[in-house]
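Written below as structure tokens is the structure these notes are about.
Since the structure is predicted, the reported quantities are computational estimates derived from the model, not experimental observations.
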Amino acid sequence: YTAGALMDRGCWKCLVLDEDRPLFNAHVVGLKPAATGFCELRIQRRDGATIWLASHAECVSSSRQTGVHVLYGALTDITQRKQAEQALRERETQLRFITNHIPVGIAQCDSKKRLKFVNQPYTELMGLRPGPIIGRPVSEVLGKTAYARVQPYLDIVHTGQPVEYELEVPAQERHRTLYISSNPELAPDGCVIGVISTLQDITARSQAESRLKQSEERYSQLVDRLPVGLYTLRQQADGALQFLFLSDRCCALTGIVREAVMQDAALANAALLPEDRDRMAEANRQAFATGELFSFEGRFLVNGAVRWLRLSSQVTPLPDGACDWNGWVADITTQKEAEIARRKNETLLEKIGEVAHIGGWELDLRTLHVHWTREVYRLHEVPPGQPVPLDMAIRFYAPEARTAIAAAIETALKSGAGWDLELPFVTAKGRRLWVRAQGETESCDGKVIRLYGAFQDITKRRETADRLRKLAFAVEQ
């Protein structure tokens, strides 16, 4: 809306979605004098698009009219942050689904050999519950005798070397022989900060195909608001620069001193990390040369801490050949950390898939967009990134299996039930495999909107099982 059009509507409450209006009433129009309010809500723009806004409001008593109150406020578009949060939640759900549905136990301990994470298969293999395990030393979990055999291997891993070994674990019902692969978890500086171990029960010779690495990395939560600083930078006709205005928030975000920067505009970039200065200079050069929108994201050292800041400004030409750059600066550190966490999560999923021959997939039924992890493409022997529609994906199954997988998908779409099938499969290059196909559903308002799951090559396990059956039959004969 233009400012005039919005003023004609009287109040922007009419743009707020119905389900968010209680927030608007409580934290905007419902404020009492001297009170401030903050909320995040959705509005519908004039073009029909729905976006997220962060609202900061303050109620002030009028100094001119008794009994009259004035609301001052600011709105910030946080749509991208909300979308990033949703993407993180979906990736975390997919990761947890895969780790809890693979036939491999996963455990992670810190540098002091205390358990930080275990998945459901691990607790089943060890006959333990997750609650009492977390935070306890490995020695307490395994017991004295077993830990005495494990300790030498753990000591080796804590020096940075991976190890593989077998461990006899006594249980109430029967003894288990576990195949354990332990790998060091390294910090960016190369120091060992923990150990990630995978456990497979090989007692009944039904050994799983994967050795997994799992890292329990906590996702950073995006901040619930995005404070914005304002500035005006005057560019003279001869190229000289001078700040005309710097808001308090702008100074706080960048760590600059207003009086010094107003005298020397070059000091505004003093806090910018050296490795980002060339990019800033190039962004400035291009914006000054073309008059186009200036946009830059970089790292600044603010009060001893490195912060990611986003700067953006639009040029306003002046009659004397000079121009003013009116812009804003926002702290996007949390968003950047979330992006890094998401990339680490995706990298971890790829590593799990490579080790375990298991991949993840999802189908958005609203857009019909199909996403496969790299391992799923590898198992299909299809070039990574090649679009594969659902009907084409079903044709990879052997003819005698297509009815079963199609029926499972149809049932999922109707009832929301998941599936877990072992079926014959033919790759794009004609190789015959056995695969385990698992799927779950996501619903909204009673309607399935997304399918997702795991896909695993179980050919060797099936072949082993077949050989065992034939051997048993031969012995019996």
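- For the residue pair Tyr231 and Ser312, the shortest heavy atom distance occurs at OH-O, 3.8 Å.
- Taking CG from Leu241 and CG from Asp264, the interatomic distance works out to 10.0 Å, rounded to the nearest 0.5 Å.
- A donor atom on one side chain and an acceptor atom on the other are not found under 3.5 Å apart for Trp308 and Glu297.
- Inter-residue side-chain proximity for Leu451 and Val448 is flagged as met; some heavy-atom pair is nearer than 4.5 Å.
- Using cut-offs of 30° and 60° on the angle between ring planes, the pair Tyr153 and Tyr165 is parallel.
- Counting only N and O atoms by type, the side chains of Gln86 and Glu90 include a donor and acceptor under 3.5 Å apart.
- No side-chain heavy atom of Ser181 sits under 4.5 Å from any side-chain heavy atom of Ser197.
- Aromatic pair His371/Tyr452: ring centres not closer than 6.0 Å.
- Arg249 has its side chain within reach of Leu253: a pair of non-hydrogen atoms, C-beta onward, lies under 4.5 Å apart.
- Here CD of Gln286 is found 11.0 Å from OG of Ser295. Values are rounded to the nearest 0.5 Å.
- The two residues Val302 and Ala252 come nearest to each other via the heavy atoms CG1-O, 3.8 Å.
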Practice problem: Check the pair Lys113, Asp155 against salt bridge (charged side-chain N to carboxylate O under 4.0 Å, His left out), reporting the backbone distance first and the verdict last. | Solution: CA-CA 10 Å; Lys113 301 179 183 178; Asp155 291 341; 2.6 Å; yes
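- Remark: side-chain polar atoms of Arg277 are paired, donor with acceptor, to backbone N or O of Ala270 under 3.5 angstrom.
- With values rounded to the nearest 0.5 angstrom, Ile43 atom CD1 is found 8.5 Å from Asp77 atom CG.
- Between Tyr1 and Trp12, the ring center distance fails the sub-6.0 Å criterion.
- With hydrogens and angles ignored, the 3.5 Å screen pairs a side-chain donor or acceptor of His380 with a backbone N or O of Val376.
- A pairwise comparison of heavy atoms in Ala428 and Val382 identifies CB-CG2, 4.0 Å as the closest pair.
- In terms of heavy atoms, His69 sits closest to Pro33 at CE1-CG, 3.3 Å.
- Counting heavy atoms of neighbouring residues, nucleotides and ligands inside a 6.0 Å radius, atom CG of Asp391 exceeds 12 of them.
- Residues Arg42 and Leu53 are not in side-chain contact: their nearest non-hydrogen atoms beyond the backbone lie 4.5 Å or more apart.
- The closest donor-acceptor contact from the side chain of Asp457 to the backbone of Val435 lies at 3.5 Å or more, if one exists at all.
- Defined by atom type and a distance below 3.5 Å, a donor-acceptor pair is present between the side-chain atoms of Thr232 and Asn326.
- Here the side chains of Thr316 and Cys323 are not in contact, with every heavy-atom distance at 4.5 Å or above.
- Atom CG of Asp189 sits in a crowded spot, with more than 12 heavy atoms from other residues, nucleotides or ligands closer than 6.0 Å.
- Note on Arg378 versus Glu375: salt bridge recorded, some NZ/NE/NH1/NH2 to OD/OE distance being below 4.0 Å.
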Practice problem: Quick one: do Leu273 and Leu301 satisfy side chain to side chain contact (heavy atoms under 4.5 Å, CB included)? Show the steps, please. | Solution: CA-CA 7 Å; Leu273 296 192; Leu301 188 62; 4.2 Å; yes
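- Interatomic distance, CD of Gln83 versus CD1 of Ile78, reported as 11.0 Å (0.5 Å rounding).
- Between Asp445 and Lys447, no side-chain nitrogen of the basic residue sits less than 4.0 Å from a carboxylate oxygen of the acidic one, so the salt-bridge criterion is not met.
- Leu309 contributes atom CG, which lies 6.5 Å from atom CG of Leu311 (distance to the nearest 0.5 angstrom).
- Side-chain rings of Phe288 and Trp325 approach one another, their centers coming within less than 6.0 Å.
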Quiz prompt | Worked verdict on Tyr147 versus Glu140 for side-chain hydrogen bond (donor to acceptor under 3.5 Å, both in side chains) | solution = CA-CA 8 Å; Tyr147 184 70; Glu140 291 184 9; over 6 Å; no
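- Relative ring orientation between Phe296 and Phe294 is described as parallel, the plane-to-plane angle staying below 30° on a 0-90° scale split at 30° and 60°.
- You'll find the side chain of Trp361 stays beyond 4.5 Å of the side chain of Val370, heavy atoms only.
- For Gln263, the CD atom counts as loosely surrounded, since its 6.0 Å shell holds 12 or fewer non-hydrogen atoms of other residues, nucleotides or ligands.
- In this structure, the side chain of Ser247 engages the main chain of Cys250 through a donor-acceptor pair within 3.5 Å.
- With rounding to the nearest 0.5 angstrom, the CH2 atom of Trp328 is 10.0 Å from the OG atom of Ser313.
- Using a 4.5 Å heavy-atom cutoff, the side chains of Cys109 and Arg114 are not in contact.
- Annotation: side chain to side chain donor-acceptor pair (under 3.5 Å) contacts of Thr333 (sequence neighbours excluded): Arg307, Asp331.
- In summary, of the residues considered (Trp372, Phe396, Phe455), a ring pair (Phe, Tyr, Trp, His ring centres under 6.0 Å) with Tyr377 occurs for Trp372 alone.
- The backbone N or O of Glu381 sits nowhere less than 3.5 Å from a side-chain atom of Thr427 that would complete a donor-acceptor pair.
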Self-check item: Evaluation steps, side chain to side chain contact (heavy atoms under 4.5 Å, CB included), between Leu186 and Val192
Solution: CA-CA 5 Å; Leu186 303 178; Val192 177; 3.6 Å; yes
Practice problem: Show the numbers, then the answer: is there a side chain to side chain contact (heavy atoms under 4.5 Å, CB included) between Glu282 and Arg279? | Solution: CA-CA 5 Å; Glu282 176 58 23; Arg279 290 195 301 108; 5.7 Å; no
Quiz prompt | Working for side chain to side chain contact (heavy atoms under 4.5 Å, CB included), residues Leu233 and Leu244 | solution = CA-CA 6 Å; Leu233 176 64; Leu244 303 182; over 6 Å; no
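- A salt bridge links Asp364 to Arg366: one of the charged nitrogens lies within less than 4.0 Å of a carboxylate oxygen.
- For Arg450, the salt bridge (charged side-chain N to carboxylate O under 4.0 Å, His left out) partners are Glu362, Glu442, not counting sequence neighbours.
- Counting heavy atoms from C-beta on, the side chains of Ile256 and Leu246 come closer than 4.5 Å.
- Scanning both residues, Arg21 and Val16, for their nearest heavy atoms gives NE-O, 3.1 Å.
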